[in-house]
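Written out below as structure tokens is the structure these notes cover.
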Amino acid sequence: MSQKVRNLTPTEPDILGCPRCDLISRIGAVEIGQKAECPRCGYRLLGKSEYRADKLLAYSVTAVVLLIFALTLDFIQYDSSGLTQSMTLLDAAWQLSYFHEKLLAVIVLLTVILYPLLYLFSLIAVFVAIKAKASALARYFLRLSSHVKPWLMVDVFLLGTLISLIKISGLANVQLKLGFWLFCGFVAFLLVTYYLVNTMNLWSVVGKQTKTLNNAKAGITAHEQGYKVCEVCHRLVSFGVSDCPCCGDDIDRHWWRSPQATLALTLAATLLLIPAHWLPIMETVRFGAAQPSTIIGGVIELWQSGDAPIAAIVFIASLVIPVAKILALLGLMALARWQTPQAVNHRLVLYKVTDWIGRWSMIDIFVVAILVALVRSGTVMSVYPGAAAIAFGAAVVLTMLAAMSFDTRLFWREAEK
């Protein structure tokens with residue numbers, strides 16, 4: 001059940017701002033099972049759900065334990081020409097580093113292992129701090145978990161692993177070891193925790209009490225009234241104040257949300273996509289003969305081998321999505337100056353889709369990481385990262401940053417002129 005926020009005047013109003021369109025709303029009491037949405041763009045400002053902290057704590061601890069065991073056990077094993085080779089989950093990063101692809105190794109290590117662990121440990125610390133009534137500690141870790149969330153890619157890595165197995169299944173006998181199944185369990189528990197945690201509900205519990213801003217008027221943007229909106233807890237902050245009085249987040253950290261930053265990041269990603277698609281992304285050596293493979297070459301190989309659905313997934317994730325995301329961002333920036341109230345919602349939907357799909361382009365990087373870690377039998381059969389891998393990985397990260405830096409408030413500001 002949801003309620004659209006209106007210009008209510010309850011006994012104890014809670015004034016919140018929308019980080020997407022900057023509109024201020026005055027919210028009445030929100031019951032469990034309800035949510036308050038911005039009346040202009042539909043952004044969820046506040047929601048209350050009935051859940052048990054100990055249940056989410058158990059999910060988080062279980063996910064951490066599963067990942068720790070998955071890191072210590074064999075992940076995948078393959079047999080080819082009488083040679084047996086296995087890899088652990090950590091090898092996906094270590095082997096890239098061994099071949100002087102340290103930036104790629106850092107990306108894999110952060111998005112698949114370190115950031116997920118940091119996210120889970122932060123949630124565990126939040127629940128423990130709530131029980132211990134340590135609000136300041138709970139605020140710090142809840143804020144930390146909010147900043148880490150966009151960079152969790154365990155589900156993308158799992159899909160990349162399955163594509164890797166399909167790529168080499170015709171050349172070797174592949175076995176999924178216990179570490180792989182424990183990692184699958186970890187991904188399941190992490191995703192369940194991710195979707196069950198109600199961050200805004202937690203902020204209403206641990207957020208620092210702030211004075212009611214009686215001068216703030218609902219139905220008018222925060223910028224017009226001399227306020228900024230905290231993107232973490234949606235409270236209003238006066239101009240000149242750098243830290244949110246409720247959650248402690250650094251408001252000035254969002255200075256980079258500007259058209260200039262978005263354009264610079266998008267153009268940099270565009271330039272990197274040229275070598276990413278032109279140069280080989282990996283090189284396969286079989287009995288001393290090297291065979292380089294580009295991204296499009298890998299798609300063609302999968303298609304010709306009869307794996308048309310997998311070829312389509314790789315084609316969409318590695319070629320269509322990066323190019324479409326860049327074109328969408330450039331188009332949104334160009335059209336932001338010619339807005340009408342009717343067009344705003346359509347462009348907002350395009351932005352949300354663009355922001356969500358960007359992370360899935362990392363599939364090819366994870367495929368390379370798995371194959372490099374697993375297939376290393378010298379001149380008999382080995383896979384090495386290609387020159388395009390670092391360019392493609394950097395392009396994906398830059399497009400994600402470009403989408404994050406895009407200021408959707410421009411839609412409404414231009415439409416109202």
(request) May I have all residue pairs that pass side-chain hydrogen bond (donor to acceptor under 3.5 Å, both in side chains) and include part of residues 64-74, sequence neighbours excluded? (result) none
(request) List for me each residue that meets salt bridge (Lys or Arg N to Asp or Glu O under 4.0 Å) alongside Arg359, sequence neighbours excluded, and say none if there are none. (result) Asp155
(message) Within the 4.5 Å heavy-atom criterion, are Gln175 and Lys177 side-chain neighbours or not?
(response) yes
(message) Measuring only between side-chain heavy atoms, which start at C-beta, is Ser405 closer than 4.5 Å to Leu265?
(response) yes
(message) Do Met333 and Thr262 make a side-chain contact, defined as non-hydrogen atoms from C-beta onward lying under 4.5 Å apart?
(response) yes
(message) Suppose we screen for ring-ring contact (aromatic ring centres under 6.0 Å, His included). Which residues come up paired with Phe180, at least two apart in sequence or across chains?
(response) Phe75
(message) Donor-acceptor pair, distance only, cut-off 3.5 Å: does the side chain of Arg235 make one with the backbone of Cys230?
(response) no
(request) Working to the nearest 0.5 Å, report the span between CD1 of Ile281 and CD1 of Ile295. (result) 4.0 Å
(message) Strictly distance-based, threshold 3.5 Å: is any side-chain N or O of Asp355 a donor or acceptor partner for the main-chain N or O of Lys352?
(response) no
(message) Going by salt bridge (charged side-chain N to carboxylate O under 4.0 Å, His left out), name the pairs with one or both residues in residues 261-271, residues two or more places apart or in two chains.
(response) none
(request) Could you tell me whether the side chain of Tyr78 and the main chain of Leu165 form a donor-acceptor pair under 3.5 Å? (result) no
(message) Going by side-chain contact (heavy atoms from CB on, under 4.5 Å), Ile130 matches just one of Leu142, Val206, Leu57. Which one?
(response) Val206
(message) Before you tell me yes or no, could you show the steps for Tyr227 and Phe239 under ring pair (Phe, Tyr, Trp, His ring centres under 6.0 Å), namely the whole-Å CA-CA distance, both residues' side-chain angles and the distance that decides it to 0.1 Å?
(response) CA-CA 5 Å; Tyr227 296 108; Phe239 282 171; 7.8 Å; no
(request) Mind checking side-chain contact (heavy atoms from CB on, under 4.5 Å) for Leu267 and listing every partner two or more places apart, or none if nothing turns up? (result) Leu263
Scan the side chains in residues 386-397 for donor-acceptor partners under 3.5 Å anywhere in the protein, sequence neighbours excluded, and list what turns up.
none

(request) Sequence neighbours left out, what pairs pass salt bridge (charged side-chain N to carboxylate O under 4.0 Å, His left out) with at least one residue falling in residues 107-135? (result) none
(request) Could you pull out the closest heavy-atom pair between Val232 and Met200, with the gap in Å? (result) O-SD, 3.7 Å
(message) Taking side-chain contact (heavy atoms from CB on, under 4.5 Å) as the definition, give me every residue that meets it alongside Leu137, ordered by chain and number, with sequence neighbours left out.
(response) Ala129, Ala134, Phe141
(request) Hey, could you give me each pair passing side-chain hydrogen bond (donor to acceptor under 3.5 Å, both in side chains) that has a residue in residues 119-128? Not counting sequence neighbours. (result) none
(request) Please name all residues satisfying side-chain contact (heavy atoms from CB on, under 4.5 Å) with Val154, sequence neighbours left out, ordered by chain then number. (result) Pro116, Phe183, Phe186, Val187, Leu190
(request) Identify the two heavy atoms, one from Ile124 and one from Ser60, that lie closest to each other, and give their separation to 0.1 Å. (result) CG1-CB, 3.7 Å
(request) Could you pull out the closest heavy-atom pair between Ile24 and Ala222, with the gap in Å? (result) CD1-CA, 3.7 Å
(message) Can you confirm whether Ser238 sits close enough to Val241 that some side-chain heavy atom of one is under 4.5 Å from a side-chain heavy atom of the other?
(response) yes
(message) Determine whether a donor-acceptor pair (N or O, by modelled atom type, separation under 3.5 Å) exists between the side chain of Arg20 and the backbone of Cys18.
(response) no
(message) Suppose we screen for side-chain contact (heavy atoms from CB on, under 4.5 Å). Which residues come up paired with Ala188, at least two apart in sequence or across chains?
(response) none
Would you list the atom pairs, donor with acceptor, under 3.5 Å between side chains in residues 361-375 and any protein atom, with sequence neighbours excluded?
unit_1	atom_1	unit_2	atom_2	d
Ser361	OG	Ala317	O	3.0
Asp364	OD2	Ser318	OG	2.5

(message) Testing the basics here: between Thr266 and Ala402, what is the closest heavy-atom pair and its distance to 0.1 Å?
(response) OG1-CB, 3.6 Å
(message) Tell me the closest heavy-atom pair linking Cys233 and Leu16, and the distance in Å.
(response) O-CD2, 4.2 Å
(request) Please check if the side chain of Asp249 supplies one atom and the backbone of Glu231 the other of a donor-acceptor pair under 3.5 Å. (result) no
(request) Mark yes when over 12 heavy atoms from residues, nucleotides or ligands other than Tyr140 sit less than 6.0 Å from its OH; otherwise mark no. (result) no
(message) Would you say that His234 contacts Trp203 through its side chain, given a criterion of any heavy-atom pair below 4.5 Å between the two side chains?
(response) no
(message) What's the separation between atom OG1 in Thr408 and atom CG in Leu332, rounded to the nearest 0.5 Å?
(response) 10.5 Å
